[in-house]
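So the structure is just underneath, and the comments pick up after that.
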2 protein chains.
Amino acid sequence: MAGQEEYDYREMWGSLGMDVEAHDGLLAAVGQMYGDMFLTQGNRPKSTSYLDFVASNIHSGRIRELVEGREAGDPKKVVGSFCLYVPEEIISAAGAVEVGLCAGAEWAPEEAEKLVPRNTCPLIKGFMGFKLASVCPYIETADLVVGENTCDGKKKAYEEFGKLKDTFVMDVPHVRNEDTRQQWRNEVKRLAGRIEELTGQKITEESLRAAIKLANQKRLALKRLDQTRAADPVPISGLDCLLTIQAAFMDDSVRLTGAINDMAQECEARVEAGEGVAPKGAKRILYTGTPMAVPNWKLFNIIEKSGAVVVGEECCTGSRYYKDLVPEDGATIDDMLNDIADRYLNIQCAIFTPNDGRKEDVLRMARELNADGIIDCSLQFCTLYDMEATGMELAARDAGIPYMHISTGYSADDEGQLKTRIEAFLEML
Amino acid sequence: MAGQEEYDYREMWGSLGMDVEAHDGLLAAVGQMYGDMFLTQGNRPKSTSYLDFVASNIHSGRIRELVEGREAGDPKKVVGSFCLYVPEEIISAAGAVEVGLCAGAEWAPEEAEKLVPRNTCPLIKGFMGFKLASVCPYIETADLVVGENTCDGKKKAYEEFGKLKDTFVMDVPHVRNEDTRQQWRNEVKRLAGRIEELTGQKITEESLRAAIKLANQKRLALKRLDQTRAADPVPISGLDCLLTIQAAFMDDSVRLTGAINDMAQECEARVEAGEGVAPKGAKRILYTGTPMAVPNWKLFNIIEKSGAVVVGEECCTGSRYYKDLVPEDGATIDDMLNDIADRYLNIQCAIFTPNDGRKEDVLRMARELNADGIIDCSLQFCTLYDMEATGMELAARDAGIPYMHISTGYSADDEGQLKTRIEAFLEML
């Protein structure tokens, strides 16, 4: 790990072309939120100290690693993305590293609204604002951004974003059938070609197999941690688990996987000892809905500060990230690329119609994790998740599980109202 | 034409399962709008009497034709759609007829909002409301609805609409490349199979060729009418041209094509004689944006009542409908189906990324039709058109053509504001 003391990070940010003063303001605000939301939690597993490290390191030491790594040629390039549909195995097999880009806060909305409409979802407006204001070290470090057609808003926003930053857009289908599977497999191979071109390094059978194993190990660690959350009392908070997944989009895979296994091990011991982060009998919530990028911790914080605990996340910053593995026994590069494409095509993204798999996953997780209720949240102006809420509510009702839909943005303005609504929902459970 | 006097249309509507009293209210409101907006126009071409006939006949005599035609087996079935992407040639070649479904007014929003979110575009909320309140004779007459994945909202709305009505959804790609062309060609063939199944009638080389010619003749008539609008004074209003296209989605193709050719002929003579529907020198507007279904005449009425004239429509209820023909020389059924698929894939729908062809079409039409300004309108909550407005505005600015973006719904509430904004825009031209 890069030592934070001796190194001049402000100089590094400046050399990346960032607005260092504005970024100071961002770091201070996020640091304050982290203190208020995470450090006030009682009885956290000790191994969550990793998360405190991530919170302090993610815009500094981690960026230094990426910058210095690139200078040393390992990884050769940094590839940014906003979506689970961009296969990390391909990027790392070609000698680059995939990182998630900033999109979890409102930043420079007046700048973003010059390019996207005011009633654009906060995630899209967020990444446009972060880029336009030069405050995201990941966007500025990335040699290439890989976008994806997963909703109307992102699809069109990339047309403008692509003028600000070199962007390769992957075309994700709307339906699953043999034609679209073939098209998606070709799209994945098109990405492989583009990344090889970027790094000047060919994907080999060996590098691809290693990349598949590396990603699977991370997923297995996350699944292991996930399983401990079925216990009552639950050993770890939803906030800490959410940040663990968020960290997975930014931190080094090997370090991260080790840390998650440490957390899982501690949580297993806690379950054995009947030790929890919340009292036994605390109301248990399954979250489903739009992804939550750092520092969008608002909803989880309100739920858990109200005395309940989030026991699972059916979303892109949750189970969809780690649920399915890629087979490790593909015989050739082509087989492995097809296996990767097929694994990603199975993510229950709301772009697909029908998307009944999402409903099935939510009900299965609610059962397995002993959830008392489901909270389904759409980022405001997110057509896909707003529309899916109808079917989700009916599915929950049919299964006899209390359900609540929330539409919210990144602003703190509605925290009071959300708190009132969530407390009322929890009382009803 | 069915005689309107002797026939009991209210009984017919009742037998279709419609809410006859609510429908009476709808007809009265639309009739009033037609009188206020269309019949107050001065110096219309005489041949627009066809449009007055359409306005009075479209929910009565035309539906009777469809119902009686179906009883007599010609056409065997009625297929409803909401989108240009559903190829009419295939439907008519298999012995059915394609009709546009009601989506141009707010109806029973409180019912629609049980299934779709409040901030859904009015077109989607409209068709859900029309179905839920049983006031659209086209929806109730249709044996099958063919939907299409052309935006996130429609895609998800069909999941609910499909529970109310037999619906077949076509998967439209987001990008144009060889993979998606192949996928779309297969999708078009899948539709052909579904319609053959519905009618019990096979598409033959002869029936498909005839259907292609019939559709092309309609398109050629519309192009011919369109060309007369380059003249100053312009021989026909934008309102009448908009209704002509709207009629094309509902009226009999042969009758309609004859009537359009009559209008075109009269307009050609008017151009020759220097006769116009608006004075020479009236400000000329090119419309671009979301489609306008009957009776969404609000914007065109405001523009033209303000003394300007709409000289062209780059939209789905405009040039996209008739601009491109299907080749008539395909040797086999398969060739013809591919030609049809390719023609439709070329429609400049905002679902595609990039969609520069739309911008090129707008600038070309503005030039050819001598437009003084462009008005780009999105139905409210339409992400795709709202997002494309940024690029459209930049393209218009680069071409030196004044541009204005409007976002509006079906309600009359904002008419005052729109009038003020449009008058200010016209003064600037």
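Values reported hereafter were calculated over all heavy atoms of this structure, with side chains retained and with hydrogens, waters and symmetry mates removed. What you are looking at is a predicted structure, and each value in this text was computed from that prediction instead of being measured. The chains referred to below are lettered A, B, ... by the order of the sequence lines, with proteins before strands, and numbering in each begins at 1.
- Between chain A and the residues B:Ala350, B:Gly162, B:Gly391, the largest count of heavy-atom pairs under 4.5 Å involves B:Ala350.
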Donor-acceptor pairs under 3.5 Å, chain A versus chain B:
| from | atom 1 | to | atom 2 | distance (Å) |
| --- | --- | --- | --- | --- |
| A:Leu115 | O | B:Thr390 | OG1 | 2.8 |
| A:Asp152 | N | B:Asp152 | OD2 | 2.7 |
| A:Asp152 | OD2 | B:Asp152 | N | 2.7 |
| A:Lys155 | NZ | B:His174 | ND1 | 2.9 |
| A:Lys155 | NZ | B:Ile351 | O | 2.7 |
| A:Lys156 | NZ | B:Ala350 | O | 3.1 |
| A:Lys156 | NZ | B:Phe352 | O | 2.7 |
| A:Lys156 | NZ | B:Glu388 | OE2 | 2.5 |
| A:Glu159 | OE2 | B:Thr353 | OG1 | 2.7 |
| A:Val172 | O | B:His174 | NE2 | 3.0 |
| A:His174 | ND1 | B:Lys155 | NZ | 2.9 |
| A:His174 | NE2 | B:Val172 | O | 3.0 |
| A:His174 | NE2 | B:His174 | NE2 | 3.2 |
| A:Asp179 | OD1 | B:Asn186 | ND2 | 3.1 |
| A:Asp179 | OD2 | B:Asn186 | ND2 | 3.0 |
| A:Asn186 | ND2 | B:Asp179 | OD1 | 3.1 |
| A:Asn186 | ND2 | B:Asp179 | OD2 | 3.0 |
| A:Ala350 | O | B:Lys156 | NZ | 3.1 |
| A:Ile351 | O | B:Lys155 | NZ | 2.7 |
| A:Phe352 | O | B:Lys156 | NZ | 2.7 |
| A:Thr353 | OG1 | B:Glu159 | OE2 | 2.7 |
| A:Glu388 | OE2 | B:Lys156 | NZ | 2.5 |
| A:Thr390 | OG1 | B:Leu115 | O | 2.9 |

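- Contacts between B:Ala389 and chain A at a heavy-atom distance below 4.5 Å are absent for every atom of the residue.
- Proximity to chain B (any heavy atom under 4.5 Å) is restricted, for A:Val172, to the backbone atoms N, CA, C and O.
- B:Cys102 meets the disulfide (SG to SG under 2.5 Å) test with B:Cys136; sequence neighbours excluded.
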